[in-house]
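Every number for a ligand or one of its atoms is a count from 1 in the order of the listing. For the numbers below, each heavy atom of this structure counts, side chains included, while hydrogens, waters and symmetry mates do not.
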Amino acid sequence: MTPADVTFAPELAAHDPIIEEINAEAFGPGRFSRAAYHIREGGPHRRDLSFVALVDGEVVASVLMTPIAAGQGRALLLGPLAVRPAYKNLGIGRKLVAIALDAARADGWALSILVGDAPYYAPLGFSRVVPYGQLIMPRPVDPRRLLACELTPGALDDFIGEVTHADLAKKPAKGAEKLKAAE
Ligand SMILES: CC(C)(COP(=O)(O)OP(=O)(O)OC[C@H]1O[C@@H](n2cnc3c(N)ncnc32)[C@H](O)[C@@H]1OP(=O)(O)O)[C@@H](O)C(=O)NCCC(=O)NCCS
């Protein structure tokens with residue numbers, strides 16, 4: 001088994017069950033209580049910007065990209081990223097992140113955010129969101145684990161406030177239409 005035996009492809013709906021299995025194996029039931037999981041529950045991820053690694057046609061790793069919003073800013077939430085234990089330390093995780101970021105850039109995205117281990121993601125272009133208070137996550141997050149990768153320099157400056165799935169940000173606030181009509 002060498003890195004040359006691994007291929008990478010955009011995620012398909014047919015991969016859903018195995019991706020769920022890989023994430024359950026990597027993160028356990030605790031994954032359901034995480035801030036990033038809560039945000040992802042708000043709407044669909046971008047399948048065309050999410051990728052799997054395959055060995056002999058079997059999915060062995062996956063990374064998801066989900067559109068998110070904070071204030072006027074938009075970004076892609078990277079994760080979960082998980083590699084099957086038997087395939088770790090072959091560079092698969094790093095390659096999946098690089099492919100997903102390249103696809104995001106090509107699709108016009110300026111920013112990617114994640115909650116994860118800085119020592120792993122720093123060499124891939126992510127750094128800590130400073131000040132931490134710039135973003136309000138739906139559940140508590142260790143500030144050292146809230147990371148951003150600017151695909152366009154300065155993109156983080158516009159990403160301020162409550163972080164939600166981008167689909168929820170599109171919806172007008174309750175009663176906003178009535179108020180508008182009364183203006
Ligand atoms: C973290 C994970 C995605 C890495 O995938 P991988 O394909 O094994 O990693 P790569 O082969 O790309 O990189 C391996 C390197 O990353 C390091 N590394 C792995 N996990 C790390 C972590 N959490 N923090 C810091 N470094 C880490 C390895 O020690 C190795 O270092 P080396 O190149 O100096 O030997 C994988 O171990 C995994 O699925 N873990 C469980 C789920 C998880 O924690 N995902 C989110 C990561 S925050």
Tabulate distances under 3.5 Å between N/O atoms of ligand 1 and N/O atoms of the protein, writing both atom names on each line.
unit_1, atom_1, unit_2, atom_2, d
ligand 1, 7 (O), Gly93, N, 2.8
ligand 1, 8 (O), Asn89, N, 2.8
ligand 1, 9 (O), Tyr120, OH, 3.3
ligand 1, 11 (O), Leu90, N, 3.3
ligand 1, 11 (O), Gly91, N, 2.6
ligand 1, 12 (O), Arg94, N, 2.9
ligand 1, 12 (O), Tyr120, OH, 2.9
ligand 1, 23 (N), Asp117, OD2, 2.6
ligand 1, 33 (O), Arg94, NH1, 3.4
ligand 1, 39 (O), Val83, N, 2.8
ligand 1, 45 (N), Leu81, O, 2.9

Hits for salt bridge (Lys or Arg N to Asp or Glu O under 4.0 Å) against Asp142, two or more places apart or cross-chain, chain-then-number order -> Arg144
Pairing residues for Arg94 by the side chain to side chain contact (heavy atoms under 4.5 Å, CB included) criterion, not counting sequence neighbours
Tyr120, Leu124
Pair Arg46 + Asp107: basic N to acidic O under 4.0 Å
yes
Side-chain H-bond candidate by donor/acceptor type, Glu41 with His165, under 3.5 Å:
no
Please tabulate, for the side chains in residues 23-34, all donor-acceptor contacts under 3.5 angstrom to protein atoms that are two or more places apart in sequence or on a different chain.
unit_1, atom_1, unit_2, atom_2, d
Asn23, ND2, Ile19, O, 3.4
Glu25, OE1, Arg84, NE, 2.9
Arg31, NH1, Gly28, O, 2.8
Arg31, NH2, Glu20, OE2, 2.5
Ser33, OG, Gly30, O, 2.9

Counting C-beta onward and ignoring hydrogens, is there a side-chain heavy-atom pair between Leu146 and Met137 closer than 4.5 Å?
yes
